[in-house]
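Structure, as structure tokens:
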Amino acid sequence: MAKTKQFKTESKKLLHLMTHSIYTQKEIFLRELISNASDAIDKRHFLSLTDSSIPPVDYEIWLTPDEKGRTLVIADNGIGFTEEELINNLGTIAQSGSKAFLEKIEQNDVDLIGQFGVGFYSAFMVAETVTVETRSPFAETGYRWKSNGESSYTIEEIDRTDLGTTIILNLRADDEENEEDFSQYTKTYSLKSLVKKYSDYVRYPICMMVTKTEDKKEVEEKEVLNQMIPIWKKQKSEITDEEMSTFYKHQFNDYDEPLKVIHTNVEGMLTYTALLFIPEKAPYDFYSEKYEKGLQLYSKGVFIQDKNKDLLPDYFKFVKGLVDSADISLNISRELLQQNQQVKKIASHLEKKIKSELESMLAQDREKYLKFYESYKTTLKYGIYESFGLNKEKLQDLILFKTSKRDDYITFKEYVDDKPTDQNAIYYATGKSKGSILKLPQMDVMREKEIEVLLLTDEIDEFMIQVMQTYGDVPFKSIQQADTDLVDETKKEDLKTKEKENKDILKAIKKALKDKVKDVKLSYRLKESAVCLVSGEGISMEMEKILKQMPNAANVHADKILEINPDHDLFTALKKVYEKDEQKIDDYASILYHQALLIEGYPIEDPTEFSNHLVQLMIDSSK
Ligand code: ADP
């Protein structure tokens with residue numbers, strides 16, 4: 001007895017789009033089904049390497065057209081489906097390509113269909129019913145799944161012993177009004193040209209099965225349609241851009257063109273071909289823990305592994321692609337693969353190759369590099385940070401920052417080359433945005449001295465800089481940290497005298513602020529602004545903010561130093577208040593401190609106290 005089941009909501013949406021589709025590229029259903037068949041054979045082949053109960057066979061994909069019956073059958077001897085897999089894989093959209101496709105469609109971004117891996121459901125663009133007969137090595141029996149792509153499907157048990165899947169498409173009636181000719185999919189010449197167009201590089205033979213009557217006897221003829229030369233084994237000059245882009249989009253589930261293709265053949269001690277792609281945009285799950293880095297691994301064109309993690313360092317985890325090497329044995333287990341010296345050597349080659357390709361992109365096509373950088377800067381920066389600087393030399397020249405002086409990004413090298421020779425540091429400032437950094441009181445002196453400041457606006461930035469410490473032999477210095485190397489000798493003396501003269505009031509302010517600040521000082525760096533907070537040694541205030549958001553980070557603490565502008569009218573006013581009434585300075589100190597906190601982007605610790613002090617101040621000033 002067949003059981004009837006409902007499709008999941010998302011699947012229904014996609015099915016509706018497929019069955020009522022007005023797209024011109026309906027023919028891609030064949031590519032999708034052949035590619036599924038090829039994946040299923042990969043899976044079976046892979047299991048057969050380690051599981052003796054799953055015998056390897058001559059793997060093939062069969063196309064059987066029937067003009068009279070208006071059917072097309074696509075069959076494979078791959079892994080098949082269990083009942084559960086039929087329900088989970090064909091009743092629900094599980095696959096990222098289809099999901100992304102649905103999202104695009106919902107944004108009215110139509111006619112993208114040919115670019116997507118839209119999968120099994122595309123069969124409903126051409127068929128009014130789809131029947132799947134299958135047998136998995138993990139099931140006790142075979143199953144038949146059947147649907148007309150409306151809201152439900154049926155499943156029943158069938159007798160079947162051969163592992164694999166047979167998909168029977170009952171083609172739709174031709175629709176002359178809309179110039180829809182579905183009978184073409186029962187014609188051998190159309191099928192041949194579609195296989196050539198979309199599936200020529202599929203690794204397993206795609207065989208056309210035609211029954212002919214000869215001498216009144218029915219004979220079955222078999223013709224292999226595809227060349228089976230993987231695209232990466234072709235001469236570079238023989239691959240068209242379109243071919244490469246279709247391969248990429250389909251193989252790696254992207255709907256944009258790749259930003260960069262790296263195709264490299266290495267021969268000698270180590271022989272391999274690598275075909276690598278950098279997607280223009282990071283995949284939607286790139287920054288989640290679910291994202292898995294890795295390259296596909298093949299041995300002489302035969303698939304071994306889908307995501308080999310050892311081929312890519314974490315900081316290049318955005319690279320997609322594959323490696324095909326005759327030096328890697330087909331029958332190698334995953335554990336051994338991990339220790340495999342060849343894999344390690346290839347990984348090290350690839351790392352250098354990717355790095356040099358990125359460097360030349362940066363040198364020759366800045367615009368393109370910026371696209372790349374916008375997508376993956378955090379990954380590169382994190383690469384320097386997490387290695388405690390070990391990868392600094394490898395990655396530092398791929399890092400760019402905006403600066404206080406220009407809107408464009410520059411490299412550390414460009415900063416160092418441009419700076420005056422007597423400037424002995426690379427100055428940086430941290431904040432939420434360019435705008436907020438430029439408004440920092442600490443920028444006053446940098447503007448006056450016309451010193452360029454790197455703008456660190458990503459959370460990871462300062463952590464990375466702290467790990468780097470220097471670029472070449474030039475140290476990094478935060479303009480938000482206590483340091484007086486920008487003060488001229490005469491000014492230093494002047495500041496010292498002023499601090500001495502105002503010793504008592506500074507002490508009183510410090511006392512009022514208790515353990516909130518480590519010190520209260522007169523500032524050399526403020527021009528327009530009255531006060532600012534700077535960090536002492538150790539972790540900076542920006543880092544404190546980020547670390548405090550993390551779990552188990554309650555103990556982090558940045559030393560804060562309150563700096564007051566001695567030339568500001570406010571300081572004169574403070575002095576007057578202090579002379580009149582020493583007690584009053586407590587309220588003023590609190591207001592000053594809170595104001596500085598606000599400028600630094602901190603929340604006010606006690607808003608009521610702050611507000612009460614302000615109110616009191618207003619009342620006093622009217623007296
Ligand atoms: P995908 O892009 O993941 O292949 P599909 O909708 O085309 O998405 O297929 C859904 C899932 O169904 C596949 O991921 C695979 O697990 C399974 N599947 C599809 N076709 C076959 C097949 N011929 N043999 C075995 N499993 C298949």
Side-chain angles (χ1 to χ4, degrees), residues 7-8 10-19 28-48 54 57 59-64 72-103 113-127 130-139 142-147 149 153 155 160 162-169 198-199 202-204 206-207 246-255 283 285 292 296 303 306-307:
F7 285 109
K8 290 270 153 58
E10 255 187 346
S11 301
K12 274 190 208 161
K13 269 196 223 164
L14 189 58
L15 276 164
H16 185 84
L17 276 162
M18 292 295 174
T19 45
I28 60 107
F29 84 93
L30 190 65
R31 173 192 81 188
E32 298 294 318
L33 296 185
I34 288 177
S35 142
N36 280 353
S38 162
D39 291 348
I41 294 175
D42 280 344
K43 282 181 197 156
R44 171 172 180 175
H45 166 68
F46 195 75
L47 280 171
S48 77
I54 302 171
V57 286
Y59 300 113
E60 285 184 341
I61 298 164
W62 301 281
L63 302 183
T64 316
L72 173 63
V73 177
I74 297 134
D76 65 69
N77 51 5
I79 193 68
F81 289 84
T82 62
E83 182 178 19
E84 205 185 350
E85 282 165 348
L86 280 172
I87 296 169
N88 290 338
N89 296 339
L90 301 188
T92 329
I93 307 182
Q95 194 262 339
S96 56
S98 308
K99 241 184 208 155
F101 170 70
L102 201 56
E103 279 159 18
I113 198 162
Q115 302 181 359
F116 278 85
V118 284
F120 173 77
Y121 291 156
S122 61
F124 288 101
M125 292 193 298
V126 299
V130 177
T131 309
V132 180
E133 294 180 352
T134 184
R135 176 70 196 260
S136 153
F138 305 110
Y143 290 96
R144 177 182 295 124
W145 179 103
K146 197 168 177 176
S147 176
Y153 56 91
I155 291 189
R160 174 169 169 146
D162 292 346
L163 300 188
T165 302
T166 306
I167 297 178
I168 304 144
L169 307 178
Y198 292 117
S199 310
V202 169
R203 295 180 292 281
Y204 306 105
I206 303 169
C207 313
T246 312
F247 174 78
Y248 163 73
K249 286 171 182 164
H250 198 237
Q251 193 85 354
F252 300 103
N253 279 323
D254 197 352
Y255 39 84
D285 61 348
E292 278 183 80
Q296 292 182 342
F303 176 83
D306 190 31
K307 283 199 172 147

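Both counts, for ligands and for their atoms, begin at 1 and track the order of listing. The first residue in the sequence is number 1, and the count goes up from there.
When only interatomic distances are considered, the shortest N/O to N/O separation between Y121 and ligand 1 does not fall below 3.5 Å. At a 3.5 angstrom cut-off on N or O pairs, F120 counts as close to ligand 1. Of the N or O atoms in D39, none lie within a sub-3.5 Å distance of an N or O in ligand 1.
Proximity of T165 to ligand 1, defined as any heavy-atom pair under 4.0 Å, is confined to the side chain (atoms from C-beta onward).
Of all the atoms in ligand 1, the ones that sit under 4.0 Å from a non-hydrogen atom of G119 are 5 (P), 6 (O), 7 (O). Residue A40 has at least one heavy-atom neighbour below 4.0 Å for each of these atoms of ligand 1: 22 (C), 24 (N), 25 (C). Near N36, with a cut-off below 4.0 Å to any heavy atom, the atoms of ligand 1 are 4 (O), 5 (P), 7 (O), 9 (O), 19 (C), 20 (N). Interface of N89 with ligand 1, defined as ligand atoms under 4.0 Å from a residue heavy atom, comprises 10 (C), 11 (C), 12 (O), 16 (O), 17 (C).
Between atom OG1 of residue T64 and atom CG of residue L72 there is a gap of 7.5 Å, rounded to the nearest 0.5 Å.
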Would you list the atom pairs, donor with acceptor, under 3.5 Å between side chains in residues 77-86 and any protein atom, with sequence neighbours excluded?
unit_1	atom_1	unit_2	atom_2	d
N77	OD1	E60	N	3.0
N77	ND2	D58	O	3.0
T82	OG1	E85	N	3.1
E83	OE2	K3	NZ	2.7
E85	OE1	T82	N	2.9

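Note on ligand 1: K43 sits in its first shell, one or more heavy atoms being nearer than 4.0 Å. The shortest heavy-atom distance from G78 to ligand 1 is not under 4.0 Å.
Of the candidates I34, D76, L33, D76 brings a heavy atom nearest to atom 23 (N) of ligand 1.
Between W145 and Y153, the two ring planes are parallel [angle under 30°; tilted spans 30° to 60°].
The main-chain N or O of L90 is found under 3.5 Å from a side-chain atom of Y121 such that the two form a donor-acceptor pair. The closest donor-acceptor contact from the side chain of R31 to the backbone of Y198 lies at 3.5 Å or more, if one exists at all.
Contact between T165 and R160 at its shortest, heavy atoms only, is N-NH2, 3.6 Å.
Judged as a salt bridge (Lys or Arg N to Asp or Glu O under 4.0 Å), and not counting sequence neighbours, the contacts of R203 are D42.
Summarising the local packing, NZ of K12 is surrounded by more than 12 heavy atoms from other residues, nucleotides or ligands at distances under 6.0 Å.
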